[in-house]
Protein chains: 2
Amino acid sequence: MKDASQVVPQRLKPRKTPVQSRSGVTVEAIHEAAIQVLLSEGLSRLTTTRVAERGGVSVGTLYQYFPNKEALLFAILLRHFEEVAEALERVDIATNGRPLEELAESIADAYVSVKVARPDATIALYRVAGAIDQFKMSPDIHVRLVNAVIRVLTNASDASFTEPRKVSFTLLSALAGVSRGSFANLASGPEILEGFREEARLLSRAYLRAAAQI
Amino acid sequence: MKDASQVVPQRLKPRKTPVQSRSGVTVEAIHEAAIQVLLSEGLSRLTTTRVAERGGVSVGTLYQYFPNKEALLFAILLRHFEEVAEALERVDIATNGRPLEELAESIADAYVSVKVARPDATIALYRVAGAIDQFKMSPDIHVRLVNAVIRVLTNASDASFTEPRKVSFTLLSALAGVSRGSFANLASGPEILEGFREEARLLSRAYLRAAAQI
DNA sequence: TATATATCTGAATGATCCTTCAGTTAGGAA
DNA sequence: TTCCTAACTGAAGGATCATTCAGATATATA
């Protein structure tokens, strides 16, 4: 899997080697800056200049790390998905031979934990998700998410699935929906996030139980 | 509830009366044009001029029906939400005194039917959803959706809910997630939409059963 | 210290876009 | 048929933006 932060450059004058930052961890800084701009100004006012400013570098520098604006947005999306994938892959390792009930909760917890750990990033990314051309968006990462959940499902000591791919897909989609809804409602109070965790668990347990061959 | 297509104008020179179209159902035509542009060009290339062209009117005319571009996007989003709300409100009327199992399926069916009836509009709207400022987005319509489902839930002959609002919210969010996921995957074949309907039903049944006080 | 080289800078370019409004057109009243 | 008015038109104003690149700067090496 390619490093999320190093999108393949497609510049007219391509560099031979990746930039060796002189001013600290610049890529990371630009990522964070983009998230902040997204939060404070919204997608339509996210400009390369603004992001660079917020990140403490010049536009020119930004363009040394990302070939264009789209690649920047793409990169922060990809990075976030990868965090979710890693969390789910950790669940796989930890749940071997456990009952379905437990797996269901672990999947929900992993998903929720990543989202809740960075509420700002989560909200920011929901603002980009629709704008990025989903066809260009690498399907690899989606496959990786689905596969991670499939692997967890096969760990169940007391259940099996005839269509694990479909089940994995639906579960992930449903969790994504509840997440999106919860964060959209975050304005009404931070206690929303506790409800998010509980509802995600309940949903995960209920759906997997119903979809499983016991 | 305000007419979705007549967003309150905030022009510098406000008109006293709504425009009386001379060229047919112009508002509707502009709505459809916007959806087509969204589908074929994406959000970043959706311009007022392009929408007007596609709709067979001039930009000037477009600005007689919508005070600005944001209002146009807002209006098509709102119209779609209202269709979903209407479908759910019809379910309320039709399901009085039925068992939870049936309510669950009816809710899922109503949701799925609206989305599947206009796949193009559904996909187009997912591209806008994040870009519109959710804070400006009227919370009224969300409340209306949640209330419609709450009313259906109270119809159950064999179950009750201690936190119907939370349950309604989670169910709607989860259905939205599955819908979004399914339509994003539509490229891999139209049979996806059949799976969408079945998974939505299964999810709805499973979650409501788990969340209910039997 | 002097030189070479890679990184950083930000003004300038060229393009796109939203929005307006002076002028044109069409439908209806008289 | 003529006139009135509301709807329609689209070129132009004003603003914003993505991207480039020639020059400035900092680090490493000799």
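Residue numbering restarts at 1 for every chain, and letters A, B, ... go by the order of the sequence lines.
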Verify the contact: side-chain N or O of [X] to OP1 or OP2 of [N], cut-off strictly under 4.0 Å; return yes or no.
X: B/T48; N: C/dC18; answer: yes
X: B/Y65; N: D/dC8; answer: yes
X: A/S58; N: C/dG10; answer: no
X: B/R50; N: C/dC17; answer: yes
X: B/T61; N: D/dA7; answer: no

* Heavy-atom side-chain contact between B/R144 and B/E86 under 4.5 Å ->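 Yes, side chains in contact.
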
I'd like to know if the side chain of [X] and the backbone of [Y] have a donor-acceptor N/O pair within less than 3.5 Å.
X: A/S179; Y: A/L175; answer: no
X: B/K166; Y: A/E199; answer: no
X: B/S204; Y: B/A200; answer: no

* Asked: For DNA chain C, what is the dot-bracket line, given that a base pair needs Watson-Crick (N1 to N3, plus N6-O4 or O6-N4) or G-U wobble (N1-O2 and O6-N3) geometry with both distances under 3.5 Å, and | means paired with another strand?
  -> ||||||||||||||||||||||||||||||

* **Near-ring test B/F169/B/H142, centroid separation under 6.0 angstrom** => no

* Listed nucleotide nearest any side-chain atom of A/K69, set D/dC8, C/dT19, D/dT19 ->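 So the nucleotide nearest the side chain must be D/dT19.
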
* Could you please name the option among C/dC8, C/dC18, D/dA7 that lies closest to any side-chain atom of A/T26? =>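 Of the options given, the side chain of A/T26 lies nearest C/dC8.
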
* Asked: Which part of the nucleic acid, if any, lies within reach of B/L62 when heavy atoms closer than 4.0 Å are counted: base, sugar-phosphate only, or nothing?
  -> nothing

* Asked: Should the pair B/F183 and B/Y126 be assigned to parallel (<30°), tilted (30 to 60°) or perpendicular (>60°) ring geometry?
  ->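 It falls in the tilted class, 30° to 60°.
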
